[in-house]
Amino acid sequence: MLFLLQDPASFGAADSAQVVQQPDSLLESVTQSIEGTVAMAVLVVLLAVAIFIYIERLLTINRANTDSEDFMKDVRRLVLSGDIQGALKLCESKNDPFARMIHKGISRLKAGASLKDIEGSIDNVGNLEIYRLERRLSVLATISGAAPMIGFLGTVLGMIAAFAAIVQTGGSASGVELAGGISTAMYTTAGGLIVGILAYLAYNSLTSSVNRVVYKLEITTNDFIDLLQEPAG
């Protein structure tokens with residue numbers, strides 16, 4: 001019955017002391033790490049940018065990858081028949097790299113330029129069209145390389161926070177807490193690798209599509225130059 005004589009406030013003070021002395025768990029200290037949160041936020045932004053670039057470039061490249069064979073047949077027919085103005089109107093009616101490139105060549109032909117000047121003007125327009133197709137692809141390449149490094153940086157910072165928590169607890173952190181904290185820190189590495197792999201695959205896919213258009217541009221250029229040499233032959 002002696003416990004009835006004790007001051008009840010002493011029990012509250014003792015409990016408060018225990019709460020103050022009780023350290024936060026290692027898992028909480030890592031999951032609440034601002035470094036890991038920032039790294040994951042950056043990776044999410046990079047993933048959104050990569051998806052946007054991929055969809056935008058894919059639509060642009062698909063619109064550019066038109067049927068150039070039928071177009072060049074019509075150009076050949078008009079040029080050989082002497083209808084230069086009709087060939088220009090045909091090019092103006094189409095909105096693709098092949099038409100813009102050939103339009104430049106026919107314009108130079110109409111102005112009486114030499115074959116070398118015509119070929120040079122076509123090459124310049126072709127290079128400009130290739131640049132337009134390859135826009136933002138370097139951003140995808142950068143994301144594919146930077147995302148894994150950002151994820152690894154987040155993991156390193158998370159591991160630093162985990163070991164700092166061990167020091168704060170005086171080495172009393174349990175194995176479960178340590179494993180949980182480390183696994184949480186590894187999430188940023190996994191996220192960085194996922195974003196990097198997706199960006200890398202998207203970059204290679206778009207690059208392959210651009211190369212196909214470039215190949216068709218080269219064929220179209222050669223066909224037009226051969227066409228200009230036919231009357232002289």
Side-chain angles (χ1 to χ4, degrees), residues 26-69 71 94-101 122-165 179-221:
L26 181 62
L27 179 59
E28 290 177 351
S29 65
V30 175
T31 54
Q32 296 174 359
S33 172
I34 188 172
E35 294 87 352
T37 303
V38 171
M40 291 302 296
V42 172
L43 290 176
V44 170
V45 172
L46 292 179
L47 178 61
V49 172
I51 292 175
F52 169 78
I53 292 176
Y54 176 73
I55 295 176
E56 188 271 335
R57 286 290 90 191
L58 182 63
L59 295 176
T60 300
I61 295 171
N62 287 340
R63 286 195 299 266
N65 191 18
T66 58
D67 187 3
S68 60
E69 293 184 2
F71 168 70
K94 296 182 177 295
N95 185 24
D96 58 61
F98 308 100
R100 288 189 290 269
M101 187 175 63
I122 292 177
D123 289 338
N124 292 335
V125 175
N127 292 332
L128 180 60
E129 294 297 334
I130 294 173
Y131 170 77
R132 291 175 177 173
L133 293 174
E134 292 179 343
R135 284 181 58 192
R136 301 189 183 94
L137 292 187
S138 60
V139 178
L140 269 183
T142 302
I143 291 176
S144 67
M149 291 189 289
I150 293 175
F152 183 67
L153 176 62
T155 295
V156 171
L157 296 176
M159 294 296 293
I160 292 175
F163 286 111
I182 293 176
S183 65
T184 302
M186 295 296 291
Y187 286 155
T188 57
T189 294
L193 289 174
I194 292 173
V195 174
I197 290 173
L198 292 177
Y200 181 74
L201 293 176
Y203 172 78
N204 282 340
S205 175
L206 293 176
T207 301
S208 178
S209 299
V210 170
N211 288 337
R212 285 194 292 269
V213 178
V214 171
Y215 176 72
K216 293 175 66 175
L217 286 172
E218 293 177 352
I219 293 178
T220 302
T221 300

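FYI, the numbering just counts along the sequence from 1.
Within the structure, every pair that satisfies the side-chain hydrogen bond (donor to acceptor under 3.5 Å, both in side chains) test and touches residues 147-158, not counting sequence neighbours, is listed here: Thr155-Thr188, Thr155-Thr189. Pairs passing the salt bridge (Lys or Arg N to Asp or Glu O under 4.0 Å) check and including a residue from residues 133-151, sequence neighbours excluded, read Glu56-Arg136. The stretch residues 42-55 participates, sequence neighbours left out, in no side-chain hydrogen bond (donor to acceptor under 3.5 Å, both in side chains) pair at all. Within the structure, salt bridge (Lys or Arg N to Asp or Glu O under 4.0 Å) pairs that include any residue of residues 195-221 do not occur (at least two apart or interchain).
Among residues two or more places apart in sequence or in another chain, the side chain to side chain donor-acceptor pair (under 3.5 Å) test is passed with Asp67 by none. In this view, Asp123 and Glu119, Thr221 satisfy the side chain to side chain contact (heavy atoms under 4.5 Å, CB included) rule, not counting sequence neighbours. Residues that satisfy the side chain to side chain contact (heavy atoms under 4.5 Å, CB included) test with Ile51, not counting sequence neighbours, are Leu47, Ile55. Residues satisfying the side chain to side chain contact (heavy atoms under 4.5 Å, CB included) criterion with Val156, sequence neighbours excluded, are Phe152, Ile160. The salt bridge (charged side-chain N to carboxylate O under 4.0 Å, His left out) search around Arg132 returns Glu129, not counting sequence neighbours. Partners of Val45 under the side chain to side chain contact (heavy atoms under 4.5 Å, CB included) rule, at least two apart in sequence or in another chain, are Val49. With sequence neighbours left out, the side chain to side chain donor-acceptor pair (under 3.5 Å) criterion links Ser144 to no other residue.
If you take CG on Leu133 and CG on Leu128, they are separated by 10.0 Å, rounding to the nearest 0.5 Å. Here Ile122 contributes atom CD1 and Asn127 contributes atom CG; the two are 12.0 Å apart, rounded to the nearest 0.5 Å. In this structure, CG in Leu217 is found 6.0 Å from CD1 in Ile130, a value given to the nearest 0.5 Å. Atom CZ of Arg57 sits about 11.5 Å away from atom OG1 of Thr207, to the nearest 0.5 Å. Residue Ser205 holds its OG atom at 7.0 Å from CG of Leu58, rounded to the nearest 0.5 Å. Summarising the geometry, atom CG belonging to Asn95 is positioned 9.5 Å from atom OG1 belonging to Thr66; distances are rounded to the nearest 0.5 Å.
For the residue pair Met40 and Tyr187, the shortest heavy atom distance occurs at SD-O, 4.1 Å. Nearest heavy-atom pair, Ser209 versus Ile61, reported as atom, atom and distance to 0.1 Å: CB-CG2, 3.8 Å. For the pair Ala147 and Leu43, the tightest heavy-atom approach, listed with the atom from each and the gap, is O-CD2, 3.6 Å. For the pair Phe98 and Ala64, the tightest heavy-atom approach, listed with the atom from each and the gap, is CE1-O, 3.3 Å. When all heavy atoms are compared, the tightest approach of Leu193 to Pro148 is CD2-CB, 4.1 Å.
Without hydrogens or angle criteria, Arg63 side chain to Asp96 main chain gives no donor-acceptor distance under 3.5 Å.
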